[in-house]
Amino acid sequence: MKIPPVKGTRDFYPAQMARRNGIIDGWKKVSIRNGFEEYDGPIFEYLTMYQIKSGQEIVEQLFSLQDRGGRELAIRPEITPTLARMVNQTINSLPRPIKWFAVPRLCRAERPQKGRLREFFQWNIDIIGENLGQADAEVIFTALDYLRMVGLTSKDIQAKISSRKLLAAVLTDIGIPPEKLDSLYAVLDKKAKLPAEAFEAVLAEQVPDRNQAKKVLDFMALDAIGQVREVAGTNETIMDAVRDVEKIFAMLEWMGVGEYCRFDPSVVRGLAYYTGMVFEVHDIAGELRAICGGGRYDNLLRDFGGPPIPATGMGMGDVVLEILLQERGLLEKQAIKPPLEYFVTFAEQLLGSDMYRLAAAIRSRGHSANFSYRQGGLSKQLKDATAQGARKCIIIGQEYVERRQLVIKDMATGVQESIDVEQFLSRLSS
RNA sequence: GUGAAAGUAGCUCAGUUUGGAUAGAGCAUUGGAUUGUGGUUCCAAGGGUCGCGGGUUCGAAUCCCGUCUUUCACCCCA
């Protein structure tokens, strides 16, 4: 009976596993060089934990189960609630700022489509305990540091940065009542997706006053934070938010990634819990979903029963990233394929036992070695070596019988050298 | 959850329009040419209930219905 893979999941054959390992290793490397420490939590949590910040709709999009004790559990669709729980539990003993990263495997019961599967990996970085904008800039820098490392340039990708705080101040100044802000965010988030006329139509539903709607449109059309300063006038709430964003842009400029960054008020992000900076990194062509996104969430720890400590972070999934890297011809470079260093062969039937001895000796000295399972001649064994991608072949033959010498053949160049077996092994140990 | 398209060998596909007997190709795999030298080349082989189930028919990969999966878009996007 043939059992197919489950909808929206992937099998990682060695070739795919090599790419996945390469991507995850890159994420970890960049996290560490940016001063983050790795953490992880359980793969399932109480179902209610995911309702705190996200509500009922989200619960319908996750895999839930009941354990034998009747506990309602869910496979994690994100790791931020786990982070909040873990930080709250030990907050009093953690030195701040907390800079942590994780690469969790997540599951969401959504309909799969381009760039979205039901099981995936997501790189998360978060900085907790800082509210001056430096952490926001560092989160964006770290994401760009990785994307730049794998070969993406400012011609490929762009970080679109905005601020919920700024947006709220501007909309309030225009005269939008506070209770309408959340539903308006959802509409503004569609600006990049919809044609201009269609966007204006849905905006008119939310903002019937034509004068107000025009002001919203004018603000949404700005593409530099300096322009906001010009139109802000004397409104101190707006100016305060503008200064926050300017500080982030200044830091990103100083850190050398300014060319990747643009102010873009149409970046709103879906979730209600963002309180300050929000950003997304997109491919310039705009053909894919966001490569990564995040922002400041100063109320989340408090909402999870902890103290009111500010926090900011981002998440980057492996699915869209892989598509982009594939399109740019950068994916294969990521693949981590440890080479097979030695392939041990024998040219005289009587030397078969020496082949096993030598292979084991090489392995116990920390180097990789294989040998052929076939009983065929040297020609067949070398064929196996080629098929397995061996760097060097060791031939145990007449020289070994006569002088204890091995023939080492470099498979790339074909060059052969003879070496005393003891000398060869001691060279491996050093 | 809604809508559309697709599904034939491990992979990429032909064959489906107009039903017909043993379903083909390339690549990949395995074996041989090759008992002290691999990649190239040549020869050969294995591999398919044509996604699955039902229906129409003398006869179905081909027509009809259902279902599963994939892809794309919508909803949502933590």
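Given the structure is predicted, the values throughout are model-derived calculations rather than measurements. Naming: A, B, ... by sequence-line order, numbering from 1 per chain.
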Can you find an N or O donor on one side and an acceptor on the other, under 3.5 Å apart, linking the side chain of [X] with the base of [N]?
X      : N     : answer
A:R289 : B:C77 : yes
A:T386 : B:G39 : no
A:R116 : B:C76 : yes
A:E399 : B:G36 : yes
A:Q113 : B:U71 : no
A:K7   : B:U69 : no

Looking at every strand, decide which applies to [X] at a 4.0 Å heavy-atom threshold: base, sugar-phosphate, or nothing.
X      : answer
A:E110 : base
A:K190 : sugar-phosphate
A:Q122 : nothing
A:K380 : sugar-phosphate
A:I395 : base
A:G317 : nothing
A:G293 : nothing
A:Q388 : nothing
A:R76  : nothing
A:T80  : nothing
A:R269 : sugar-phosphate

So which nucleotide does [N] pair with, by the Watson-Crick or G-U wobble rule with both distances under 3.5 Å?
N     : result
B:A23 : none
B:G1  : B:C74
B:G46 : none
B:U41 : B:A33
B:G59 : none
B:U67 : B:G51

Legend entry - Ring centroid separation A:F121 to A:W27 under 6.0 Å: no
Inset, instruction - Compute the centroid of each ring, for A:Y342 and then for A:F424, and state whether the two points are separated by less than 6.0 Å. - result: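 Distance test on ring centres: under 6.0 Å, yes.
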Inset, instruction - Decide, yes or no, whether a salt bridge links A:D283 with A:R328 under the criterion of side-chain N to carboxylate O below 4.0 Å. - result: no
Legend entry - Under-4.0 Å salt bridge between A:R19 and A:E322: no
Legend entry - Contact nearer the 5' end of RNA chain B, comparing A:D189 with A:P112: A:P112
Closest listed nucleotide, where the reference is the side chain of [X] and the choices are [options]:
X      : options             : value
A:L378 : B:U37, B:A78, B:G32 : B:U37
A:R108 : B:G3, B:A78, B:U37  : B:A78
A:Q398 : B:G36, B:U37, B:U2  : B:G36

Legend entry - Atom C1', compared across B:U69 and B:U30: separation rounded to whole Å: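 31 Å, rounded to whole Å.
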[atom1] of [X] versus [atom2] of [N]: gap in Å, rounded?
X      : N     : atom1 : atom2 : value
A:K383 : B:C42 : NZ    : C1'   : 11 Å
A:L106 : B:C77 : CG    : P     : 17 Å
A:Y274 : B:A78 : OH    : C1'   : 7 Å
A:D384 : B:G38 : CG    : C1'   : 10 Å

Inset, instruction - Fit a plane to each ring of A:F263 and A:F219, take the angle between them on a 0 to 90° scale, and name the class: parallel (under 30°), tilted (30 to 60°) or perpendicular (over 60°). - result: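 Perpendicular.
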Legend entry - Atom pair CG/CG of A:L171 and A:L184 - distance to nearest 0.5 Å: 5.5 Å
Legend entry - Pair A:Y297, A:D126: side-chain N/O donor-acceptor within cut-off below 3.5 Å: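 A donor-acceptor contact under 3.5 Å links the two side chains.
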